[in-house]
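Structure first, then comments.
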Amino acid sequence: MAKVLMKGNEAIGAAAIKAGCRFFFGYPITPQNELPEYMSRELPKVGGTFLQAESEVAAINMVYGAAGAGARVMTSSSSPGISLKAEGISYIAGAELPCLIVNIVRGGPGLGGIQPAQSDYFLATKAAGHGDFRLVVLAPASIQEMTDLVMESFDIADQYRNPVMVIGDGMLGQMMEPVELREPKKRDLPAKDWATTGTAGRNYRNVINSLALDPAELEKHNLKLQAKYREIEKNEVKYEVYNCDNPDIIAVAYGTTSRIVKNVIGKCKEEGINVGLIRPISLWPFPYDVINEYADRTKAFLSVEMSTGQMIDDIKIGANGKKPVYFYGRTGGMVPEPDGIMAEIKKILGGAK
Amino acid sequence: MAKVLMKGNEAIGAAAIKAGCRFFFGYPITPQNELPEYMSRELPKVGGTFLQAESEVAAINMVYGAAGAGARVMTSSSSPGISLKAEGISYIAGAELPCLIVNIVRGGPGLGGIQPAQSDYFLATKAAGHGDFRLVVLAPASIQEMTDLVMESFDIADQYRNPVMVIGDGMLGQMMEPVELREPKKRDLPAKDWATTGTAGRNYRNVINSLALDPAELEKHNLKLQAKYREIEKNEVKYEVYNCDNPDIIAVAYGTTSRIVKNVIGKCKEEGINVGLIRPISLWPFPYDVINEYADRTKAFLSVEMSTGQMIDDIKIGANGKKPVYFYGRTGGMVPEPDGIMAEIKKILGGAK
Amino acid sequence: MAEQVFKRTKGLTERPFHYCPGCTHGIIHRLVAEVLEELGVLEKSVGVAPVGCSVLAYDYFNCDMHEASHGRAPAVATGIKRVLPDRVVFTYQGDGDLASIGTAEIVHAAMRGEKFTTIFVNNAIYGMTGGQMAPTTLVGQKATTAPYGRQKDHAGNPIRMSEMLSTLDGAAFIERVSVNSPANIRKAKKAIKKAFEVQLEGKGFSMVEVLSTCPTNWGMTPKEAIKWLEDNMIPYYPLGNFKSPEEVK
Amino acid sequence: MAEQVFKRTKGLTERPFHYCPGCTHGIIHRLVAEVLEELGVLEKSVGVAPVGCSVLAYDYFNCDMHEASHGRAPAVATGIKRVLPDRVVFTYQGDGDLASIGTAEIVHAAMRGEKFTTIFVNNAIYGMTGGQMAPTTLVGQKATTAPYGRQKDHAGNPIRMSEMLSTLDGAAFIERVSVNSPANIRKAKKAIKKAFEVQLEGKGFSMVEVLSTCPTNWGMTPKEAIKWLEDNMIPYYPLGNFKSPEEVK
Amino acid sequence: MLNEQIIMAGFGGQGVMSMGQLLAYAGMLEGKDVSWLPSYGPEMRGGTANCSVIVSDTPVGSPIVTEATAVIAMNRPSLDKFEPVLKTDGLLLINSSLIDRKANRNDVKVLEIPANEIANELGSGKVANMVVLGAYLEASKALKIDSVMEALKKVFGPSKEHLLPTNKAALERGAEIAKNLK
Amino acid sequence: MLNEQIIMAGFGGQGVMSMGQLLAYAGMLEGKDVSWLPSYGPEMRGGTANCSVIVSDTPVGSPIVTEATAVIAMNRPSLDKFEPVLKTDGLLLINSSLIDRKANRNDVKVLEIPANEIANELGSGKVANMVVLGAYLEASKALKIDSVMEALKKVFGPSKEHLLPTNKAALERGAEIAKNLK
Amino acid sequence: MAKVKGKVTFKEELCKGCELCTTVCPVNIVKMAEDRINVKGYHPATVYEMEKCIACGNCATICPDTVIEVEREKEDK
Amino acid sequence: MAKVKGKVTFKEELCKGCELCTTVCPVNIVKMAEDRINVKGYHPATVYEMEKCIACGNCATICPDTVIEVEREKEDK
Ligand SMILES: Cc1ncc(C[n+]2csc(CCOP(=O)(O)OP(=O)(O)O)c2C)c(N)n1
Ligand SMILES: Cc1ncc(C[n+]2csc(CCOP(=O)(O)OP(=O)(O)O)c2C)c(N)n1
Ligand code: SF4
Ligand code: SF4
Ligand code: SF4
Ligand code: SF4
């Protein structure tokens, strides 16, 4: 397929449809509206269904129902709307249903603003709801990667029977870049023989459920989930290591922020400072081992985020005290500027040299 | 006041009323129902208002309104209900309003079960909603401490204009112990001159709000919040250090789990193993420094949780690679048994000696 | 020759109900199950269980089941039905579930005319969690969160969901029934059957509100509970049909 | 001697509205502000702003204001009014806010008979977010999430909130008005005044639904929008009083 | 040093929970550290109920009793469930009115009390729990009957004061039996 | 090596956004790496609009333009806001039809284009953006007019094909002016 | 008219002793068996004078726990 | 009856040129000032033949942006 120029939000929709997603339930919120709008236009053309739900709570529960019925289904929202989906996400994870949840993050807390942010890192990776569960969280840095990851996310979800979140920021949702929709590498996907499609043709009932009143049973279920998470941690860690052969410092950044860091790397080179970049692509599972390994080759890490510092916790856990972890961030919809990052790097290296 | 024997959930109510809380908005959910029930009985007697909301979402927004109007107000729920409050909590934190949120945690994810758990640690300490914000999170280990902390929590909330979460588990909510309601140490509390009580008598309007469409303004607001959080981190870290003079290993546990660990400490002594305990009382701000300091005196840490391992992340950050951090936990409503913990300790020390 | 006039329906699994003695949830379960069997749709049915005493409904109905989050059964059912338009989908919900936390979801499913059937069990209380006030609790009725009885000035008059939902065009069939006597139980079954037929004919949203008892949390014997329902609930919640496909615009 | 027959009310701050040219939000703001001024309650009023185009209402009403989360203004207002029963509390909400995400909150505030006033601005679309379908969007009307026009089979007929809420006993006063002409604007103001009076008399929940335009997202000039409202909205959303205190049981 | 770890179990309506609370209350009145922990959940509805009580001279660690110093079994399922939890030399009280089997353990001290019969003799089937409690107090010497009576007085309040004598009699009859069985 | 970092700004309705998209599209057709980033938010409603376009021989890093190689200002507020962002020796295109001031910077190359006048001459006020774009293409030599035309053809589709000639004329007139101003 | 004779069977182990069936029998023959307790701990419902049963099905209709099945014995045919 | 005379003032800088006021004037004197643009970028509404104004207030009533104030000049008194 030839490349086309697409808006991030629309590219997500195109990729999802290409991946066989035929159901979208959502509720409007800036800055992701182009995605539901695209779906409302395009899904009917392929026999799919777009339904605007009465709220985010309803939307995630529609996804819960549709996923239980065996469909490839997705929803999307932005920060406050994702908060509202927290209970439903926990149910979907508990019931082990596959689906895609897109979060085009905006500045918070509360109503906040509508400009790009990365302040839902904790929400996405640690606590998208109550209880012990995990979402696979994928953070693309370009529209091309976004479409690749969206398409793969449906396979990952189906393979592990687990919800996947693709996380972007308002910038990534709004910008246009050339994309080519390309199939992900083929996975062996299990049949959805657990789906509630009616018992006709089978001699057992299917029940979608997250309740276990007996704590021993609920613990067993949790241990099963944990075993699955260990499996995902083994198989699905994704990251990019860039210019890390001999770095003075390694910046860690994801999404659009990582692109700004790449600019900084170029600028720093001009001044003889060698900055590396580790870019987590899967925020969960987080590439702890990669951080740990590169801790031996750098003087320090710098977490660059559009937040007041959330991923830094994971970097610290990965670095495990081997090297100091610094932070530079902008928040509330402000975007880190190369100069600011560079100044921070110089400050750190001045101190760390 | 003489001691009385009280159920944990009711003791929370009694303490809140003693602390001047006159408004309670909530929605039923096991295992915290005795608290709203107590409030529905007792609040009218002191001229207060108990209102059962139509949902947790409505309840937290009623709290939002009442707190904005200047009242001492609280709500309570258990895990799935707290998930539903996520958006509202983020608004309250964003608008800097004081209130108390009680979470009597139960097994998850999803509907899960109703037996005690600690699997909302992440939710409480990292991401009770979207955006960069923090709740003060207090985790009592006894009914007496629960009443002390509940009373203090209203002062903390008022002092910093920040929501506070008191977190317990089903066990703490259901059990009875002797309590004495005692005033916390007096704090200088600022006047609530920001409350929306009508402009009569002042020449400015009060506006409760968390929106800032201009990202520069929103960043400024966030930096103000962060400055406040640094202040709280400086002033409000609470913890207990127990038997840590010369430990072979230090267990880190909070809430009822810490009491089980205390039993284990006794048992281990009998076998010549010296186990220390660091008990975070404030889960946020977390006593990172204490962990770091004691890392120099122990061979290892063991995080004991009623979850699959959440607080362990903070212990690792605190230990900063100085000593290994192990984990022992039960989940889904199962409670760690002393024997299990002991066996784990022996296994670790066998390896670590 | 003996003829079976009443035998256990295949619409139910073998699992004994966990409900309290005399709780009419059991009757309502049976009626729904019988209707599914009689309409011959068991194999193509997907039921949605609520959060409430009937949360374990997924153990009882002999068809595929989906356990929803509290109040959101209509959204879950919407998701299922949109994916599987030729299956029979129903929700089974209590009054806390449907009339309190789930108000938005039931209103909008009805507005959209979602083609599923809702069995709404109104027992004027929160059973599962121990007798807290429901939006349907009667004025003066005591509940664990209304220890002095529901007061109109404080909590308003109870909500009549059938009447309210009947104002929506998408609601094709709405009827309120009661299971307090064999005669009313038979009427209830007819209404439930009709509701499923409306679904099968694709006419829109259908709901049967069933007045039900909660002896445990009302603090009564099952017999007293039936009488209390007759004396107090039926007068406030009049039985009858509120909407039929003929009236659908 | 000159007499001022129309001057800017003290109920509004000096801040110019951010609304689009011809958007009738501005008219409705002014009416509410005038009523507050005329009733002499500005100093004891607390308004609740929604999430929607009127989110910045807190900048305009010259009284204390609280910006709610999307759809939850009635819950926020409940919290305020319960704390301050002698203040005048109102919510100002759009149709996405009130009739979609906030359905449960408005229904239950009305059921409880909460003593505040709701100004419900029905413009049949989501303005703030760029013209998505609202529950009040008319059948056939295009929206960015209904690019082929709202279809009854897919999304149902639009919801009539005034009619639905009127079934609730706690709703003391409900009226639908429109701001398409000077005459109707004057009627709208009367209704708004009445609604606040009902609150002041402690009679229960009061709401005025105001049919409003959104030229921007309807893709029309302001003049065309007024005409479209008259030709399409008023026939489906009949103007008039649906509930008055006399009828309150 | 006192460190009583008691599990009490029976079916709903046998007053197992209030018996435990009373014991904890009495312990508190005697200046002990105490805790009372109920099992909770839907299984309680019409089903079985149990609680753990700790009465101790030192601060109570975990409120969960994993090795009981005493088990009070008011019905058969309770005996089956909790007999194994009793520690060696612990005290096993069996309500022989409703339990048709003997104890399996022989490393513990067993007291069989026909609690319902005695309660009926006293004219109130409801005080069967107090009979067993009396037996427990006598056999364990943990707390004084007077303290339990004082606790009961506070719990009952003036409106139910007339019930005190029967309860006292029940406690004493239980104690008597325990003394005789020694 | 090509690395154009352009900011285009004006008020809503001036076609600033589509001009940016067209440029990015043309860049893609010429095999360049490109990105287009709009400003978004409520301030856009009836207010100002701007977008950043990057056209580069190497992969695009950050899509945000913080040091522009070119700024196209279609109205006065845009000039005020973005003139300072232009780097030394950068290209400043001013729509002199609507902007009543001169450039303040003298370390950059300035092109004043009476875009609206020219567009009106061409019979369609709407192509003012194409006039400026043509000027930019000529002055920067970044991409070929033909590529933009090809992009336009794809964007318009057959239904709007009749608009192509006017657009082409606009691009060419713009280019001509730029050439003459050199 | 041929007199209808009925037969009622109780799955006693399912009975919760709610007594609802005893209130709806037109010939008043459904009683609680005070002499025995089932596995659930309840006195189960039963019928002592089965010959009076007219197979109306009322007891089964109101039983919440599907304890009761009813057969009709057709006299002739 | 004394003829009522009115006077309308426009806070031109607030006007958004929506033209609604022009549609409701009974004497049809409210017009858009095509000759000028205000700070917001719109042709503002105005009245050229003020003497015809009857002070009905319609224009001010429908103006969404509180641009218009109206005075009535009482002829006598
Ligand atoms: C989000 C959430 N809130 C609250 C609860 C607790 N809860 C469980 S069932 C229930 C209400 C049940 O009442 P109803 O719907 O009337 O059904 P019934 O039990 O009376 O049949 C509640 C509040 C929950 N599980 N999840
Ligand atoms: C929880 C949440 N969901 C969605 C949004 C996005 N949002 C902002 S305003 C709005 C709808 C506005 O429509 P309406 O209430 O009709 O008011 P109008 O703008 O038309 O006046 C939405 C969906 C949000 N801010 N928060
Ligand atoms: S609590 Fe009430 S509703 Fe629930 S099973 Fe028991 S009687 Fe039925
Ligand atoms: S978008 Fe619509 S509702 Fe919002 S201000 Fe503009 S015209 Fe008014
Ligand atoms: S109605 Fe059923 S459960 Fe109740 S007593 Fe009769 S047989 Fe037993
Ligand atoms: S109605 Fe108001 S804003 Fe609109 S044109 Fe007239 S004066 Fe201007």
Side-chain angles (χ1 to χ4, degrees), chain B residues 22-25 27 43 47-73 75 84-92 94-95 97 99 129-130 192 194-213, chain D residues 10-11 13 15 18 36 40-52 55-89 91 101-112 114 116 128:
Chain B
R22 288 294 174 273
F23 293 88
F24 184 103
F25 302 94
Y27 188 79
L43 270 175
T49 298
F50 164 88
L51 189 66
Q52 185 171 312
E54 56 271 31
S55 70
E56 289 86 353
V57 171
I60 193 70
N61 279 283
M62 289 175 185
V63 168
Y64 183 31
R72 281 210 155 172
V73 55
T75 185
L84 281 173
K85 290 183 205 256
E87 190 208 19
I89 292 175
S90 179
Y91 269 74
I92 292 174
L97 294 182
C99 70
H130 60 283
K192 294 190 175 182
W194 41 261
T196 53
T197 53
T199 56
R202 48 176 151 80
N203 52 8
Y204 55 91
R205 295 191 311 124
N206 281 334
V207 175
I208 304 292
N209 181 29
S210 67
L211 174 72
L213 283 171
Chain D
K10 289 204 189 70
T13 64
R15 185 85 72 113
H18 70 286
L36 293 177
V41 296
L42 259 179
E43 286 211 318
K44 62 170 196 169
S45 289
V46 184
V48 182
V51 176
V55 63
L56 297 177
Y58 59 74
D59 277 342
Y60 306 135
F61 288 113
N62 199 5
C63 59
D64 279 2
M65 292 292 297
H66 191 131
E67 205 291 300
S69 58
H70 190 30
R72 321 304 176 186
V76 172
T78 297
I80 299 169
K81 186 79 184 195
R82 295 282 175 147
V83 171
L84 304 168
D86 61 344
R87 305 302 199 284
V88 172
V89 177
T91 73
I101 191 170
T103 308
E105 286 73 16
I106 196 70
V107 164
H108 284 270
M111 179 200 73
R112 290 190 304 265
E114 292 293 343
F116 64 78
M128 174 76 149

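In what follows, chains are A, B, ... by sequence order, proteins preceding strands, each numbered from 1. Worth saying up front: this structure is predicted, and the values here are computed from it rather than measured.
Counting only N and O atoms by type, the side chains of D:S69 and B:N61 include a donor and acceptor under 3.5 Å apart.
Looking at heavy atoms from C-beta onward, B:L211 lies in side-chain contact with D:Y58 at the 4.5 angstrom threshold. Taking the side chain as every heavy atom from C-beta outward, D:H66 and B:Y64 approach each other to under 4.5 Å. Considering only heavy atoms from C-beta on, D:E105 comes within 4.5 Å of B:S55 through its side chain. Here the side chains of B:I208 and D:E67 are not in contact, with every heavy-atom distance at 4.5 Å or above.
In this structure, OG1 in B:T49 is found 6.5 Å from CZ in D:R82, a value given to the nearest 0.5 Å.
Closest heavy-atom contact between B:A71 and D:V83: CB-CG2, 3.6 Å. Across every non-hydrogen atom of B:T197 and D:R87, the tightest pair is O-NE, 2.6 Å. When all heavy atoms are compared, the tightest approach of B:A58 to D:A75 is O-CB, 3.6 Å. For the pair D:I80 and B:G65, the tightest heavy-atom approach, listed with the atom from each and the gap, is CG1-O, 3.4 Å.
Residue contact with chain D, scored on non-hydrogen atoms closer than 4.5 Å, is absent for B:I92. Of the two parts of B:I60, neither the backbone nor the side chain holds a non-hydrogen atom closer than 4.5 Å to a non-hydrogen atom of chain D. If you measure heavy-atom distances from B:A67 to chain D, you find no contacts under 4.5 Å at all. Using a 4.5 Å cut-off between heavy atoms, D:V51 touches chain B through its side chain atoms alone. Proximity to chain B (any heavy atom under 4.5 Å) is restricted, for D:L56, to the side chain, taken from C-beta onward. With a 4.5 angstrom heavy-atom cutoff, D:V48 does not touch chain B via any of its atoms. There is no contact between B:R22 and chain D, counting heavy-atom distances below 4.5 Å.
With chain B as partner, the option from D:A73, D:C63, D:A68, D:A109 having the largest number of non-hydrogen pairs under 4.5 angstrom is D:C63.
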Could you go through the side chain to side chain contact (heavy atoms under 4.5 Å, CB included) check for D:D64 and B:V207 one step at a time?
CA-CA 6 Å; D:D64 279 2; B:V207 175; over 6 Å; no
Mind running side chain to side chain contact (heavy atoms under 4.5 Å, CB included) on D:V76 and B:M62 for me, showing each step along the way?
CA-CA 5 Å; D:V76 172; B:M62 289 175 185; over 6 Å; no
What do the steps show when you test D:T78 against B:E54 for side chain to side chain contact (heavy atoms under 4.5 Å, CB included), and what is the final call?
CA-CA 12 Å; D:T78 297; B:E54 56 271 31; over 6 Å; no
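Judged by distance alone, the side chain of B:R205 and the main-chain N or O of D:F61 form a donor-acceptor pair under 3.5 Å.
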